[in-house]
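Since the structure comes first, as structure tokens, the remarks are kept for the end.
Reminder, nothing fancy here: chain letters follow the sequence lines and each chain counts from 1.
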Amino acid sequence: MKLIGLLDCNNFFVSCERLFRPDLHDRPVAVLSGNDGCIVARSNEVKDLGVPMGVPHFKVKDVLSEAAVTCFSSNFTLYRDVSSRVMSTLRELVPEVETYSIDEAFFVLNVPNEEAAVEQLRHIKQTIEQRVGVPVSLGAATSKTIAKYASEKEKRGSGVCVLVGKEWQKETGTTQLSQVWGIGARLSERLREHNLHTVADLLAADRTRVAKLFGLGGCRLFDELSEQPVYRLGERNRQTQKSIMSTRSFKTASTKKSVVADAISYHVHHAAAELRELGLQCRYLQVLARPNHYSDWTLRQGSAECTLPAPISDTRVLLTHAHELLDSFFDAEVPYKKAGVVLGWFSDADIAQPDLFGESVEAATAERVLDVFDAINQKYGREVITFGRAVSAGAWAPARELLSPRYTTNWLELPSVKA
DNA sequence: TCTGGGGTCCTAGGACCC
DNA sequence: TCTGGGGTCCTAGGACCC
């Protein structure tokens, strides 16, 4: 039988932090979002305290300090590196892998029967935990949606779970629809209004009625949960990505144009570097700046976009356009709290059509400048050199006061071991 | 004082056309 | 009484995910 498996790293960001802080292994640990704003990862100890996911840090500060919780600012450099170790290990063990997020991957499981599937999952779990050191949970089923549920089910138990046929049927009566992948707050409320609470309730309903009430998404859900898989495994890698976004909230709001402009410059540098790293060029640029989401200024947000005459990845050209766009909507009355850029409409840099009237000598020089530019920044850390002002610290830069070292990707921050 | 950042996909509604 | 109808394309916004 051919099953779909799901690998999920438990409390991933917390586990990454613990990897280099063994003293925190059975201690409560939490990781904060950018700007140290929200809780985005919790160890089991913190979950048991009743601290919800995504809650603003300031709301639970007292609870956290009372329980002596160790908090970290998010350290994506570290998490990305650990993630790639997990994924490459998984790739050695199974034929087909789809990286779904930084801490999850779907994969194909070819096994003679369910017992063998459980065995195989155990083997994957053991290998990853031994080689990489972060705890993982695995699920397998006929469809992605059920596999996802299976991986959650034994998270605190054996860590592996296969749900096929009768085993899955047994679950449906007690599985709340709100727990199902793809059903968020809105949809689960609408389902409740129609007296649909558990998976069994939904499966007992008439499919055409479900289609009418809940559209395409409802149909897919219905099929996935009836073991009629809709979503296939597909390599959704970075080459097929459709947009690159770089945005960030400021530490404090600002009405100054120079501050917002600095932020925009920084984000253009950041997004363009990523674009080149992927070997892509873009034809779409959007610039946005918005006030605090929770203030009276909510409706005064601005954004502007443009289509570029030819596909590019040159930071300097993007900077020019970005600042023109900012000029077009910037409003000196508004206290901006967040700014960013979005790049889109990608094409491959190798096969991209050059501008019909572009001067090829200039283009070749530009390319060499950018190669050197990227090489220097890669060697000495991001944004060591920039085109014009692109300050990564200052009035707009977010707070990251509890950051851990980049243990695995920066020579200066390697952990030292004393014998 | 203090509420993330980066994505994808679907839908409804308007514009336009014949 | 009776206001065409149906198709396509585009876009903004919503919902969801991690």
Side-chain angles (χ1 to χ4, degrees), chain A residues 6-14 30-42 52-62 64 71-76 79-80 83 98-106 144-145 148 151-152 177-191 211-221 230-231 234 236-238 240-253 263 267 270-271 274 278 284 286 288 290-295 298-299 301 303 305 307 335 337-344 346 397-402:
Chain A
L6 179 71
L7 166 90
D8 190 326
C9 302
N10 302 344
N11 317 331
F12 183 57
F13 298 171
V14 166
V31 177
L32 307 174
S33 67
N35 233 354
D36 294 344
C38 302
I39 308 282
V40 289
R42 303 156 296 157
M53 176 71 170
V55 71
H57 183 39
F58 73 88
K59 282 194 181 171
V60 290
K61 237 172 185 166
D62 293 345
L64 296 182
C71 291
F72 291 95
S73 303
S74 36
N75 184 347
F76 271 90
Y79 310 152
R80 265 193 293 267
S83 171
E98 173 193 330
T99 303
Y100 175 68
S101 74
I102 194 164
D103 72 330
E104 280 173 79
F106 289 104
K144 281 186 170 179
T145 306
K148 183 93 166 99
S151 77
E152 300 282 329
L177 284 166
S178 57
Q179 296 170 261
V180 171
W181 183 48
I183 302 183
R186 268 292 154 72
L187 188 52
S188 70
E189 199 188 314
R190 282 178 53 213
L191 288 160
K212 215 167 197 172
L213 287 171
F214 303 102
L216 192 51
C219 276
R220 290 181 177 165
L221 214 52
V230 178
Y231 305 116
R236 259 215 282 158
N237 57 29
R238 307 213 54 205
T240 55
Q241 198 175 324
K242 293 184 173 168
S243 66
I244 293 174
M245 189 186 285
S246 181
T247 67
R248 208 142 294 175
S249 299
F250 304 167
K251 195 171 180 177
T252 50
H267 290 300
H270 187 201
E274 221 174 299
L278 295 170
Y284 171 86
Q286 185 188 13
L288 49 96
R290 45 191 55 158
N292 193 329
H293 193 58
Y294 305 89
S295 74
T298 321
L299 298 175
Q301 58 180 279
S303 89
E305 55 193 47
T307 307
K337 186 77 192 335
K338 178 179 180 169
V341 305
V342 182
L343 307 180
F346 298 147
R400 295 174 92 192
E401 279 157 17
L402 306 162

For the pair [X] (side chain) and [Y] (backbone), establish whether a donor and an acceptor sit closer than 3.5 Å, ignoring hydrogens and angles.
X: A/Thr247; Y: A/Gly340; answer: no
X: A/Ser249; Y: A/Lys338; answer: no
X: A/Glu98; Y: A/Gly234; answer: yes
X: A/Ser188; Y: A/Gly184; answer: yes
X: A/Ser151; Y: A/Leu6; answer: no
X: A/Asn35; Y: A/Phe250; answer: yes

Are OP1 or OP2 of [N] and a side-chain N or O of [X] less than 4.0 angstrom apart?
X: A/Ser249; N: B/dG5; answer: yes
X: A/Lys251; N: B/dT1; answer: no
X: A/Arg248; N: B/dG6; answer: yes
X: A/Lys148; N: C/dC17; answer: no
X: A/Ser101; N: C/dC17; answer: no
X: A/Arg220; N: B/dC9; answer: no

What is the distance from [atom1] of [X] to [atom2] of [N], rounded to the nearest Å?
X: A/Ile183; N: B/dC9; atom1: CD1; atom2: P; value: 19 Å
X: A/Tyr284; N: C/dA12; atom1: OH; atom2: C1'; value: 11 Å
X: A/Asp62; N: B/dT1; atom1: CG; atom2: P; value: 15 Å
X: A/Leu221; N: B/dC9; atom1: CG; atom2: P; value: 17 Å
X: A/Tyr79; N: B/dG6; atom1: OH; atom2: P; value: 15 Å
X: A/Glu305; N: C/dA12; atom1: CD; atom2: C1'; value: 10 Å
X: A/Gln241; N: B/dG6; atom1: CD; atom2: C1'; value: 9 Å
X: A/Met245; N: B/dG4; atom1: CE; atom2: P; value: 14 Å

For [X], report the nucleic acid contact type (base, sugar-phosphate, nothing); a contact means any heavy atom under 4.0 Å.
X: A/Ile102; value: nothing
X: A/Ser74; value: nothing
X: A/Leu32; value: nothing
X: A/Val342; value: nothing
X: A/Asp103; value: sugar-phosphate

C/dC18 pairs with, by Watson-Crick or G-U criteria that keep both distances under 3.5 Å: B/dG5
Using a 6.0 Å distance limit plus a 45 degree cone around the ring axis, check whether A/Lys144 lies over the aromatic ring of A/Phe106. yes
Position toward the 5' end of DNA chain B (nearest nucleotide), A/Ser246 or A/Lys59: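 Per heavy-atom nearest nucleotide, the more 5' residue is A/Lys59.
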Return the 5'-most residue of the pair A/Val40, A/Lys242 with respect to DNA chain B, ranking by each residue's nearest nucleotide. A/Val40
Minimum-distance nucleotide (side-chain atoms of [X] versus [options]):
X: A/Phe58; options: B/dC2, B/dT11, B/dG7; answer: B/dC2
X: A/Ser33; options: B/dG4, B/dG7, B/dG5; answer: B/dG4
X: A/Cys38; options: B/dG4, B/dG7, B/dG5; answer: B/dG4
X: A/Lys338; options: C/dC16, B/dG5, B/dT8; answer: B/dG5

If the C1' atom of C/dG4 is compared with that of B/dC16, how far apart are they to the nearest Å?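 Those two atoms are separated by 16 Å.
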